[in-house]
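Structure first, commentary second.
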Amino acid sequence: MPTLKTTTLLLIVFLVVSNILAQESQEAFHPGKPWMDTEGNIINAHGGGILFDDGIYYWFGEKRGKHRSQGVNVYSSKDLYNWKPEGLALSPVDGDDDHDIARGCVMERPKVIYNEKTGKYVMWFHLELKGQGYSAARAAVAVSDKVTGPYTFVHSYRPNGNMSRDMTLLQEEDGTAYHIYSSRENYDLRIAKLSEDYLHHTKDDHLMFSEHREAPAIVKHDGKYFLITSACTGWKPNAAAVHVAKSLVGPWKRYENPMRGPEADITFDAQSTFIFPVQGKEDQLIFMADRWQPNDLINSPYIWLPIEWENELPTVEWNDNWNLNDFE
Ligand code: DGJ
């Protein structure tokens, strides 16, 4: 029988070793593998997006339990491999079941941009009201003076009366920002210009195409817009498509599956969420996707892969271990 002293000693050794392991820094991406934060916990930021601000990347995403939505988490990183938890950027509201973001509501696909004119960080996300399944179909916005929050909820609604589910944001170099959203039971994909303070939709709201697509991830490259989307099959993966246009109001031309490699026909068993540029590396873009586990959403793995170009179209090739030097 180990004595109490030996047990305590073993426990201390265990805690020290696990702390060292937790802080061991990573130097590569391992798509589909569990991804730990700098404190050794699984990164909980699904359907996410990245904001680069003052030399630091911020990863915003859905905080999930086994299934339930628990707000929006934010992590920070200087190298894109190692992410420090910065806590809940936006929390559901307790004690007021009539609040738009009452605990029990669903917050999905949060994206954050910075507004130069107001000096505020603005977060848009897909909101479903508590107890109403996916029927509310609203866009919601929250603001903060500080990038990591806490964000203050502003309001939620259907943009220009349109249903709004999966979404992303696009910010142009001149500061104009757009909300791209799945509408009309996801049959339409729409794009609406946001007001100058980014807190409202303008009437400048256009149908992009009606092809029953969701999970939009957009990037501008060489003067053209490239939009990767999925089909609508709930949490189940399907084949991605890419739409290309010279102008945000279209016309949008569709090209089939940009994914390459094993399970490319089901987006590597995942669904698109965001595309972002690596700072300091010209034209180097990362594609982000979620490998949803609907009965264990918190542990849904992340798929991050580099975007390559083939005949002026983006492609994403599977790679189970890669790093930013592979871009050289
Ligand atoms: C697919 C969407 O892309 C996800 O964000 C989520 O809303 C699921 N559907 C829910 O079934």
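Start at 1 and go down the list; that is how both ligands and their atoms are numbered.
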Protein residue, atom and distance nearest to atom 9 (N) of ligand 1, heavy-atom basis: Gly234 O, 3.4 Å

Distance flag, aromatic centroids of Phe276 and Trp304, threshold under 6.0 Å: yes

For atom 5 (O) of ligand 1, closest protein heavy-atom neighbour: Arg109 NE, 3.0 Å

Polar proximity ligand 1 side, Gln271 side, N/O cut 3.5 Å exclusive: yes

Salt-bridge contact Arg165-Glu185 (side-chain N to carboxylate O under 4.0 Å): yes

Whether Tyr302 and His46 hold their rings parallel, tilted or perpendicular, with breakpoints at 30° and 60°: parallel

Salt-bridge criterion met for Lys130 and Asp97 (N-O under 4.0 Å): yes

Salt bridge flag under 4.0 Å for residues Asp205 and Arg190: yes

Nitrogen or oxygen atoms of His126 and ligand 1 under 3.5 Å apart: no

Sidechain N-carboxylate O distance under 4.0 Å for Arg213, Asp166: no

Close approach, Gly47 and ligand 1, non-hydrogen under 4.0 angstrom: no

Lys/Arg N to Asp/Glu carboxylate O, Glu62 vs Arg64, below 4.0 Å: yes

Nearest neighbour in protein (non-hydrogen) for atom 3 (O) of ligand 1: Asp166 OD2, 2.4 Å

Protein heavy-atom partner closest to atom 7 (O) of ligand 1 - residue, atom, separation in Å: Glu108 OE1, 2.6 Å

Contact partition for Arg165 relative to ligand 1, non-hydrogen atoms under 4.0 Å: neither

For Trp235, the ligand 1 atoms whose distance to one of its heavy atoms is below 4.0 Å: 6 (C), 8 (C), 10 (C), 11 (O)

